[in-house]
> 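Submitted below is the structure of interest, expressed as structure tokens.
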Amino acid sequence: MVCGGFTCSKNALCSLNVVYMLVGLLLIGVAAWGKGFGLVSSIHIIGGVIAVGVFLLLIAIVGLIGAIHHHQVMLFFYMVVLFIVFLFQFGVSCSCLAMNRGQQEVLLNAAWGILVNKTKTDLESQLNCCGLLNVTSKQAEFDLDLQNCPALCKKNTVCYTCGDMMLTHATEALKILGGVGLFFSFTEILGVWLAVRYRNQKDPRANPSAFL
């Protein structure tokens with residue numbers, strides 16, 4: 001059967017959802033690995049990564065079952081959710097690619113402010129830095145972070161701030177994150193298109209009267 005037919009659309013949609021399942025399992029595995037090796041101790045970060053992995057895994061399972069059984073309701077639910085995820089991810093990816101240094105500092109300050117002390121000290125130990133940014137508006141917070149900082153560089157009396165170290169590589173990291181997110185967002189719109197096309201096709205092996 002030529003590509004674009006019922007069988008081709010079914011196989012393509014199944015393959016795409018298998019890839020999504022593998023990505024979901026990979027996210028869950030990476031979160032568990034990071035927790036097991038003590039790289040990240042914050043339950044919020046671990047829980048967030050696992051939640052994204054489980055969500056992607058569940059959506060992929062729904063899409064895979066819908067594709068195998070040509071289930072109209074499952075395919076409709078799948079393509080609606082995937083389209084919403086596409087819109088969100090596309091917006092975030094474009095924001096990452098367009099973000100300048102001033103916006104990066106605002107984002108870092110906001111993210112640092114919601115981190116618990118344990119996560120902050122973990123980052124300071126791994127990056128060998130102390131505090132986020134030594135600025136006047138955040139001086140009290142910086143002094144407190146510097147006092148609690150466990151980094152080895154304190155023994156040398158000279159420590160770079162974590163914010164400066166992050167910002168040094170932030171532009172490159174944001175470009176990578178934005179590019180990867182943009183690539184996956186287009187695979188999601190491909191999944192939506194395949195689901196719509198496959199959902200409206202008639203199974204040649206089924207009873208013609210059962211399609212409606």
Side-chain angles (χ1 to χ4, degrees), residues 2-35 37 39-40 42 44-68 74-108 110-111 123 126-127 165-201:
V2 296
C3 192
F6 182 86
T7 303
C8 182
S9 298
K10 177 180 179 179
N11 292 338
L13 193 57
C14 288
S15 301
L16 187 63
N17 282 290
V18 168
V19 172
Y20 287 155
M21 289 177 66
L22 293 176
V23 173
L25 290 172
L26 180 64
L27 287 174
I28 296 172
V30 167
W33 176 78
K35 178 64 176 176
F37 279 83
L39 298 178
V40 182
S42 173
H44 300 291
I45 296 177
I46 296 294
V49 175
I50 291 177
V52 171
V54 170
F55 174 77
L56 186 59
L57 188 62
L58 290 176
I59 292 301
I61 290 173
V62 170
L64 188 61
I65 295 174
I68 292 173
M74 280 189 169
L75 288 172
F76 177 79
F77 173 77
Y78 169 77
M79 66 188 190
V80 168
V81 173
L82 202 61
F83 183 70
I84 294 173
V85 172
F86 159 75
L87 292 177
F88 176 77
Q89 187 169 329
F90 182 80
V92 172
S93 300
C94 290
S95 298
C96 288
L97 293 173
M99 192 173 293
N100 57 38
R101 185 178 178 89
Q103 293 169 329
Q104 292 170 18
E105 290 183 6
V106 172
L107 182 63
L108 276 177
L123 286 171
Q126 292 168 25
L127 298 177
M165 295 185 68
M166 292 177 185
L167 288 170
T168 302
H169 305 287
T171 301
E172 182 180 353
L174 285 171
K175 286 182 179 179
I176 294 173
L177 288 173
V180 172
L182 204 61
F183 172 76
F184 274 102
S185 69
F186 284 114
T187 68
E188 288 158 6
I189 203 65
L190 173 63
V192 172
W193 178 79
L194 283 172
V196 172
R197 181 183 179 86
Y198 177 63
R199 186 171 180 268
N200 293 326
Q201 288 177 324

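Along the sequence shown, the residues carry numbers beginning at 1. Side chains included, hydrogens not; waters and symmetry mates left out as well; all remaining heavy atoms used. These numbers come from a predicted model, not from an experiment.
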> Between N200, V80, L13, which is the residue that forms a side-chain contact (heavy atoms from CB on, under 4.5 Å) with L75?
L13
> Between the side chain of Y78 and the main-chain N/O of L64, is any donor-acceptor distance below 3.5 Å?
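A pair under 3.5 Å: no.
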> Does G181 offer a backbone N or O that forms a donor-acceptor pair with the side chain of Q89 under 3.5 Å?
yes
> L190 versus L194: any side-chain heavy-atom pair under 4.5 Å?
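L190 vs L194: side chains touch.
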> With rounding to the nearest 0.5 Å, note down the distance linking CG in L97 to CD1 in I176.
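The distance works out to 11.0 Å.
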> Which of parallel (below 30°), tilted (30 to 60°) and perpendicular (above 60°) describes F90 and F186?
perpendicular
> Mind checking whether F77 and V62 have side chains closer than 4.5 Å, heavy atoms only?
yes
> Enter the distance from I189:CD1 to F83:CZ here, rounded to the nearest 0.5 Å.
5.5 Å
> Using modelled atom types and a 3.5 Å cut-off, is there a donor and acceptor pairing between side-chain atoms of Y198 and backbone atoms of A67?
yes
> Side chain of S93, backbone of L182: donor and acceptor closer than 3.5 Å?
yes
> On a heavy-atom basis, which atom in M21 and which in I61 lie closest, and how many Å separate them?
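So the two residues come closest at CE-CG1, 4.1 Å.
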> When rounded to the nearest 0.5 angstrom, what is the spacing between CG in L56 and CG in L22?
10.0 Å
> Do you know the tightest heavy-atom contact between L82 and E188?
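Answer, listing the atom of L82 first, then E188: CD2-O, 3.4 Å.
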> Test side chain to side chain contact (heavy atoms under 4.5 Å, CB included) on V81 and F55; report intermediate values, then the result.
CA-CA 11 Å; V81 173; F55 174 77; 3.8 Å; yes
> Rounded to the nearest 0.5 Å, what separates atom CG in N17 from atom CD1 in I65?
10.0 Å
